[in-house]
A.B. asks: 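Below you will find the structure I want to go over with you.
Just follow the structure's listing: the first ligand is 1, and inside any ligand the first atom is 1.
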Amino acid sequence: MLQTDVLVVGAGLAGLRVATLLAERGHSVVVIDRRRDLTTSIRTTGIFVRRTLDDYDLPEHLLGPAIRRVVLYPPSLREPVELVSERDEYRVGEMGPLYAANAHAAVKAGAELCLGTRYLGGSNGRYEVTGPDGPMTVHARFVVGADGARSRVARDLGLDRNTHLLVGAEDVFTVSEAVDSPAFHCVLDPRLAPGYIGWVINDGIHAHVGTAGYSRRFTGGVRSTLDEFATRAPGLTEADRSPAEVQRRGGPIPVGGLLRRISSPDGLLVGDAAGAVSPLTAGGLDPCLRLSDYAAAALDEALQTGRREALQDYDGGALRRKFTGRLMMRHALAQVKHPLLASAGFGVLRTPLGRAAARKVLFGDRSFPDPPNPIHLGKGSEPGTGYTSTETMSRRS
Ligand SMILES: Cc1cc2nc3c(=O)[nH]c(=O)nc-3n(C[C@H](O)[C@H](O)[C@H](O)COP(=O)(O)OP(=O)(O)OC[C@H]3O[C@@H](n4cnc5c(N)ncnc54)[C@H](O)[C@@H]3O)c2cc1C
């Protein structure tokens with residue numbers, strides 16, 4: 001039996017962020033993950049956008065070169081549209097070491113990390129898990145569901161669950177030669193990526209070749225579609241079309257927008273479990289960090305004051321309203337079911353107006369919205385303490 005203030009289920013970026021912030025505030029935190037090694041079974045490309053790079057101290061040595069160039073391709077792959085930003089827009093993280101660094105930061109802050117430990121279920125502060133030493137009961141004042149798109153914690157807390165999902169898959173490998181200008185290549189073809197895009201991101205160190213879409217619309221399955229795409233994907237040298245060693249990644253991506261009910265008196269959801277992913281771009285790394293900051297503040301207040309109602313303010317419904325435009329664009333993208341329609345869309349994209357709209361989506365300043373009723377960090381504690389920075393990832397003041 002284990003007793004703790006907060007049980008965090010899932011040691012992805014969202015769970016580790018909440019755990020670190022709460023442990024820094026002096027709360028006892030247990031983080032569990034079913035993975036035995038956080039550097040394996042990675043489910044993300046790891047593209048960090050400018051807003052995240054500006055606002056969070058990601059370890060510099062674990063980020064690839066900056067990318068400013070995006071090339072958009074129609075199904076024929078001919079006459080692509082190239083957009084170049086005057087600012088550094090994207091950097092791809094070395095995700096294995098990044099997860100390890102974040103886990104290290106959580107432990108250094110005082111959290112207890114239990115790997116190879118699976119959440120089985122529970123309620124009312126009593127949760128069953130099973131780990132290397134067998135089954136165990138964790139007594140926790142609050143539970144945090146950071147357990148991904150198909151969250152069991154959401155089910156146990158009676159909260160909303162993701163129903164609108166894409167499935168993504170990608171190959172990652174070390175490239176054989178440096179590129180002149182790192183680029184993000186996006187292919188809009190509903191046969192390759194039904195409802196989303198196929199991508200190649202080649203930063204001159206690693207290449208990621210991937211696709212995502214609605215699973216039932218992949219006629220041959222997502223993996224075989226990816227294998228076919230890899231033979232003709234743009235942005236790669238011939239040598240890199242059949243790399244010697246490939247790491248395979250993949251997983252579900254919730255794109256239905258932030259869920260409405262993401263907290264109960266017993267706990268809350270963060271990251272993919274809360275649907276904190278842009279419905280349009282399917283980017284979830286920036287939202288998961290920002291929502292985790294908000295979650296940590298809400299939990300800190302509830303723990304310090306003993307008022308479970310403090311979690312009521314952690315409300316997905318209020319934030320969700322800010323996603324209306326992106327949800328409409330997701331709906332429009334889902335309607336592109338024929339390559340001819342995608343090709344016709346490129347006619348619009350080639351106009352000055354089309355290029356300006358694409359630049360706004362790809363290079364814009366939009367990010368995860370700030371909460372309407374911000375819960376102040378460190379409320380109830382000594383003034384000025386706030387959240388201290390960690391060695392790996394912290395919000396800059
Ligand atoms: C193929 C792909 C590419 C992507 N690329 C990008 C990108 O480049 N940029 C971007 O911004 N977003 C990207 N996303 C989305 C982004 O990766 C996610 O939104 C983000 O990683 C979510 O983090 P998380 O911590 O919420 O979830 P996760 O990282 O999925 O972590 C959940 C953790 O919970 C653990 N877990 C689950 N169930 C249990 C259980 N019962 N017991 C114990 N542990 C459990 C899992 O092992 C896992 O470690 C991509 C997604 C996919 C699928």
A.B. asks: Which residues pass the salt bridge (charged side-chain N to carboxylate O under 4.0 Å, His left out) test with Glu177, not counting sequence neighbours?
C.D. replies: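 Checked Glu177 against salt bridge (charged side-chain N to carboxylate O under 4.0 Å, His left out); zero matches.
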A.B. asks: Begin from the C-alpha positions of Asp156 and Ser123 and carry the test side chain to side chain donor-acceptor pair (under 3.5 Å) through to its verdict.
C.D. replies: CA-CA 6 Å; Asp156 290 350; Ser123 59; over 6 Å; no
A.B. asks: Is the NZ or CZ atom of Arg17 both under 6.0 Å from the centre of the six-membered ring of Tyr56 and within 45° of that ring's axis?
C.D. replies: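 No, a cation-pi geometry is absent between Arg17 and Tyr56.
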A.B. asks: Does the Asn202 side chain pair with the main chain of Gly235, one donor and one acceptor, at a distance under 3.5 Å?
C.D. replies: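 Side chain of Asn202 to backbone of Gly235: a pair is present.
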A.B. asks: Going through the distances and angles, do Tyr294 and Phe368 end up as a ring-ring contact (aromatic ring centres under 6.0 Å, His included)?
C.D. replies: CA-CA 11 Å; Tyr294 182 23; Phe368 194 78; 8.5 Å; no
A.B. asks: Rounded to the nearest 0.5 Å, what separation is found between the CD1 atom of Ile47 and the OG1 atom of Thr281?
C.D. replies: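 Rounded to the nearest 0.5 Å, the CD1-OG1 separation comes to 9.5 Å.
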A.B. asks: Can you list every pair where an N/O of ligand 1 is under 3.5 Å from an N/O on the protein?
C.D. replies:
from: ligand 1; atom 1: 5 (N); to: Thr44; atom 2: OG1; distance (Å): 3.3
from: ligand 1; atom 1: 5 (N); to: Thr45; atom 2: N; distance (Å): 3.1
from: ligand 1; atom 1: 5 (N); to: Thr45; atom 2: OG1; distance (Å): 3.3
from: ligand 1; atom 1: 8 (O); to: Gly46; atom 2: N; distance (Å): 3.3
from: ligand 1; atom 1: 8 (O); to: Ile47; atom 2: N; distance (Å): 2.9
from: ligand 1; atom 1: 9 (N); to: Ile47; atom 2: O; distance (Å): 3.0
from: ligand 1; atom 1: 11 (O); to: Gly284; atom 2: N; distance (Å): 3.0
from: ligand 1; atom 1: 11 (O); to: Leu285; atom 2: N; distance (Å): 2.9
from: ligand 1; atom 1: 12 (N); to: Gly284; atom 2: N; distance (Å): 2.9
from: ligand 1; atom 1: 17 (O); to: Thr44; atom 2: OG1; distance (Å): 2.8
from: ligand 1; atom 1: 19 (O); to: Asp272; atom 2: OD1; distance (Å): 2.6
from: ligand 1; atom 1: 25 (O); to: Leu13; atom 2: N; distance (Å): 3.3
from: ligand 1; atom 1: 25 (O); to: Ala14; atom 2: N; distance (Å): 3.1
from: ligand 1; atom 1: 26 (O); to: Asp272; atom 2: N; distance (Å): 2.9
from: ligand 1; atom 1: 38 (N); to: Arg34; atom 2: NH1; distance (Å): 3.3
from: ligand 1; atom 1: 41 (N); to: Tyr119; atom 2: O; distance (Å): 3.3
from: ligand 1; atom 1: 42 (N); to: Tyr119; atom 2: N; distance (Å): 2.9
from: ligand 1; atom 1: 44 (N); to: Arg34; atom 2: N; distance (Å): 3.1
from: ligand 1; atom 1: 47 (O); to: Asp33; atom 2: OD1; distance (Å): 2.8
from: ligand 1; atom 1: 47 (O); to: Arg34; atom 2: NE; distance (Å): 3.4
from: ligand 1; atom 1: 49 (O); to: Asp33; atom 2: OD1; distance (Å): 3.3
from: ligand 1; atom 1: 49 (O); to: Asp33; atom 2: OD2; distance (Å): 2.5
from: ligand 1; atom 1: 49 (O); to: Arg35; atom 2: NE; distance (Å): 3.1
from: ligand 1; atom 1: 49 (O); to: Arg35; atom 2: NH2; distance (Å): 3.0

